[in-house]
Novice: 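Structure below; questions to follow.
Here is how names work: the chains are called A, B, and so on, in the same order as the sequence lines, proteins then strands, and each is numbered from 1.
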Number of protein chains: 2
Amino acid sequence: MKSTSNISIWLIEDNATFRRTIARTIAKQPGFSCDGDFGRAEDALAALKTQAKPAIILLDVGLPGMSGIEAIPQLRALAPDTAMLILTVFEDEEKIVAAICAGASGYLLKTAPAEELIRAMRDVLAGCAPMNGRIARRVLEMFSKLSPRRNDYHLTEREKAVLQQMTEGFIKKEIADHLALSVHTVDTHLRNIYAKLQVNTRTGAVSKALKEGLV
Amino acid sequence: MKSTSNISIWLIEDNATFRRTIARTIAKQPGFSCDGDFGRAEDALAALKTQAKPAIILLDVGLPGMSGIEAIPQLRALAPDTAMLILTVFEDEEKIVAAICAGASGYLLKTAPAEELIRAMRDVLAGCAPMNGRIARRVLEMFSKLSPRRNDYHLTEREKAVLQQMTEGFIKKEIADHLALSVHTVDTHLRNIYAKLQVNTRTGAVSKALKEGLV
DNA sequence: ACGTCCATCACGCATTCGCGGGATGATGCG
DNA sequence: CGCATCATCCCGCGAATGCGTGATGGACGT
């Protein structure tokens, strides 16, 4: 336990020179303290098991051994409330997006001036995610791809209701009861759904419905 | 068809005064032209069916009738390449996140100065998404919630394989053939899966498997 | 007024499924 | 060496399902 008011930062970066530069920048900043610096993600993981969790971990993507991106889920498992900020030399979109998927809280360019580094750290503690527009766009695109409602199988309202009930795991009889129908009617709807979705089993229909967000 | 080089903007905003203000701001900007302004999303949808698609649509969330968020998917269906920028009075996170899921390209505060509006429009055309840190954080959180939902039901490898086959829509016999097992064995695995997942139907198992990313 | 789509209900039959039993060998662990 | 777990296999029964076929009434557009 350092000073009660200090925000604890850890740093994972293989370049020792750069690591020291950053560490000094942080230490100079009132309210922040750099309590740990590591050249490998493995070392930080080991340290997390014994030491107090930091508020923020600054994490290089290009590390020897375990990459920064691989490390994120494991770090997060040990320190669920710690913000993970990615440090990158340049804007490698693929990697940054991967890091975001892995659970990063934002990212910083290594070329960013000290003030920006500090501001980003304050931002992330305040609940904001440092992220530039290009990355943001990529993330948004992933979202709209992730919820692809564009495939329209022209299911009627009733058919959608039946399909929805199916995804809940109900059998025909239960669906019939819930929708106040006879099993025969449910059966007909089911067959129409099969035809429209081009499947021939309940599981196939449920799978397609969930994967394509039809419910 | 206006000037060939002008970027076409549409505006959907129910407050007529504010709408005119924005329209004038856009019109004054060299390279931009406000080719359509609507008080209701329905009107814009109708116009999209007959007129040339704009490059950008500025869209208020709080509209009478169809809300801006509801409108996005329909607008996008008619104009897949148009960027949708959300206009909000204040930072209503829930709505903005909903808009992003619906396919918005970014968002702007109505209180933002004209320069910021113009810059955001240029940004979005350049492939960047205007989005502030707080929203970005929300989006990141949704991502990390969405991907590592690794509830462990202690399924064995064989059970996972069977479950996977089920999500493909295969019946027991087919699964047995694909995994070179007897139907009886598949049946036993299936029953164990049901027990572990606490379901009693194939659809329930498939649903749980897909929703929780077990496959 | 006519056709089309939809929701609703019905019967019959072969297949599949859910689930109750029980059994064997392989493997890992204390 | 027991003990537990897992993967594999088997039987049988009643229920649920898939699918062909058919019918009725309402809504909607033209």
Novice: Report which part of the nucleic acid T185(B) touches: base, sugar-phosphate, or nothing (heavy-atom distance under 4.0 Å, all strands).
Specialist: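 Answer is base: heavy atoms of T185(B) come under 4.0 Å of a base.
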Novice: With heavy-atom distances below 4.5 Å as the criterion, would you say the side chains of T201(A) and R202(B) are in contact?
Specialist: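 They are not in contact (no side-chain heavy atoms under 4.5 Å apart), so the answer is no.
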Novice: Report the C-alpha distance between K172(A) and D187(A) in whole Å, list the side-chain angles of each, state the deciding distance to 0.1 Å, and finish with yes or no for salt bridge (Lys or Arg N to Asp or Glu O under 4.0 Å).
Specialist: CA-CA 7 Å; K172(A) 279 185 192 173; D187(A) 185 77; 2.4 Å; yes
Novice: Could you tell me whether K110(A) and D60(A) make a salt bridge, using a distance below 4.0 angstrom between a side-chain N and a carboxylate O?
Specialist: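 The answer is yes: the pair qualifies as a salt bridge.
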Novice: Name every donor-acceptor pair, under 3.5 Å, that has one atom in a side chain of residues 122-129 of chain B and the other anywhere in the protein, sequence neighbours excluded.
Specialist:
from, atom 1, to, atom 2, distance (Å)
D123(B), OD2, R119(B), NH1, 3.3

Novice: Scan the side chains in residues 21-29 of chain B for donor-acceptor partners under 3.5 Å anywhere in the protein, sequence neighbours excluded, and list what turns up.
Specialist:
from, atom 1, to, atom 2, distance (Å)
T21(B), OG1, T17(B), O, 2.8
T25(B), OG1, T21(B), O, 2.8

Novice: dT17(D) P sits how many Å from H189(A) NE2, rounded?
Specialist: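 The answer, rounded to whole Å, is 15 Å.
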Novice: Can you measure N192(B) atom CG to dC9(D) atom C1' for me and round it to whole angstrom units?
Specialist: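 Result: 13 Å.
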Novice: Pick from H178(B), K160(B), E174(B): which one makes a side-chain hydrogen bond (donor to acceptor under 3.5 Å, both in side chains) with Q165(B)?
Specialist: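 Looking at H178(B), K160(B), E174(B), the match for Q165(B) under the side-chain hydrogen bond (donor to acceptor under 3.5 Å, both in side chains) is H178(B).
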Novice: Would you mind reading off the distance between E157(A) atom CD and dA27(D) atom P, rounded to a whole angstrom?
Specialist: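 The answer, rounded to whole Å, is 17 Å.
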Novice: At less than 4.0 Å, is any side-chain N or O atom of S182(B) found next to OP1 or OP2 of dT8(D)? Yes or no.
Specialist: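 Answer no for this pair, as no side-chain N or O of S182(B) is under 4.0 Å from OP1 or OP2.
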Novice: Does dT8(D) have OP1 or OP2 under 4.0 Å away from a side-chain N or O of H184(B)?
Specialist: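 No, no such contact exists.
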Novice: Which nucleotides of nucleotides 16-30 of chain C have their base under 4.0 Å from a protein heavy atom (B), which only their sugar-phosphate (S), and which neither (-), written as one string 5' to 3'?
Specialist: SSBBBB---------
Novice: NE2 of H154(A) versus P of dC5(C): gap in Å, rounded?
Specialist: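 The answer, rounded to whole Å, is 12 Å.
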Novice: Just the rounded figure in Å: distance from C1' of dA16(D) to CD of E174(A).
Specialist: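 E174(A) atom CD is separated from dA16(D) atom C1' by 11 Å.
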Novice: Just checking, any donor-acceptor pair under 3.5 angstrom between side chains of E159(A) and Y153(A)?
Specialist: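 Their side chains do not contain a donor-acceptor pair, so the 3.5 Å distance test is not met.
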Novice: Report the distance from atom CG of L181(B) to atom C1' of dC6(D), rounded to the nearest whole Å.
Specialist: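 So the two atoms are 13 Å apart, to the nearest Å.
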Novice: Take the protein atom CG of L179(A) and the nucleotide atom C1' of dT8(C), then report the distance between them rounded to whole Å.
Specialist: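 Computing the L179(A):CG to dT8(C):C1' distance gives 13 Å.
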Novice: What is the distance, rounded to the nearest whole Å, between atom CZ of R158(B) and atom C1' of dT5(D)?
Specialist: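 For the pair R158(B) CZ and dT5(D) C1', the rounded distance is 16 Å.
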